[in-house]
Amino acid sequence: MEHREIVDDATIRNPRLGEPAPPFEAVTTHGKLRLEDFRGSWLVMFSHPADFTPVCTTEFIAFARIHSQLREMGVELMGLSIDSVYSHIAWVRNIEEKMGIKIEFPVIADLDRAVATKYGMVMPGESRTETSRCVFIIDGKQVLRAMIYYPLTTGRNMDEILRVIQALQTADAHGVATPANWRPGDDVIIPPPGTQDAAEARVKEPGVECTDWYFCKKRL
Amino acid sequence: MACIHPDGSLSAVALLMLDYLLEPHTEQAIVDRADQPMYRIRASLRELMDAGLVERVPEGYCTTVSGRAALQSV
């Protein structure tokens, strides 16, 4: 058994930013779904350690509360843990009954860890039997655009997840980058010019505020 | 929320799709009609196609002869 784990660790490469998200087919609370079913929409796929645990319950409620905002941004949501679909159904029903929050996004029942292994969601240093709090942001072309990992003890920040997606979608739409702590409406960063002529032109460009030729911002 | 229940009976969404696909329609048209997210329509179409109740046609998807029979038996 130990030998097999070592082989698995050595042969399975964790996903990387900018590469296609690993494809899968999985049993979920909405039936059998494939990653390709989400093509054309952005997808936030997140893992949680276990059903019927307090931090995860607060996170499910928090994800449910941003679900409609995500959908307005063209983003679908999907959870995952190494629990059965019956456990997921019971937990989701419990959340609705006890907390009054309806969970409308699908949750993967990854009992054989097939998806968790492909995405590197199990962190053996934390737990060998549970997935950590991972967030994978996948764009409409099914490219992995951002990954955020939180430890078992720490519930996720929904504002940051929304902010990252807003920043990525803004970057795609306008060919810009976003500075630290950027929020929608803030100035964005223009990619630095690649030639001396372009640098000369950049600092004279109307509507652009330059601290120096390589560090220019503009309002969208 | 599977489209076909374990006992073989069809969900409300499956029946709606079979009825709508008596005439060929695209995925997006089904999404608009069923008011369901695209991922669920795609998964349902796959399930209905695996069961032989829906088939791909040049205009999109269409209910098969078996699908029509399943619809009439409800």
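Protein chains get the first letters and strands the later ones, always in sequence-line order, with residue 1 at the start of each.
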**Prompt:** Is there side-chain contact between A:Pro106 and B:Tyr39, with at least one heavy-atom pair below 4.5 Å?
**Reply:** yes
Verify the neighbour count for atom [atom1] of [X]: are there more than 12 heavy atoms of other residues, nucleotides or ligands below 6.0 Å?
| X | atom1 | result |
| --- | --- | --- |
| A:Arg113 | CZ | yes |
| B:Gln28 | CD | yes |
| A:Phe52 | CZ | yes |

**Request:** Starting at CZ of B:Arg46, measure out to CD of A:Glu25 and round the result to the nearest 0.5 Å.
**Result:** 5.5 Å
**Request:** Could you look at A:Arg71 and say if it's the side chain, the backbone, both or neither that has a heavy atom under 4.5 Å from chain B?
**Result:** side chain
**Top of B:Glu27, B:Met38, B:Arg42 for chain A proximity - count of heavy-atom pairs under 4.5 angstrom** =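 It is B:Arg42.
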**Item:** Test: A:Asp37 and B:Arg40 ion pair at under 4.0 Å
**Value:**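 The answer is no: the pair does not qualify as a salt bridge.
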**Fill in**
What one should report as the nearest heavy-atom pair of A:Lys32 and B:Ala43 is O-CB, 3.7 Å
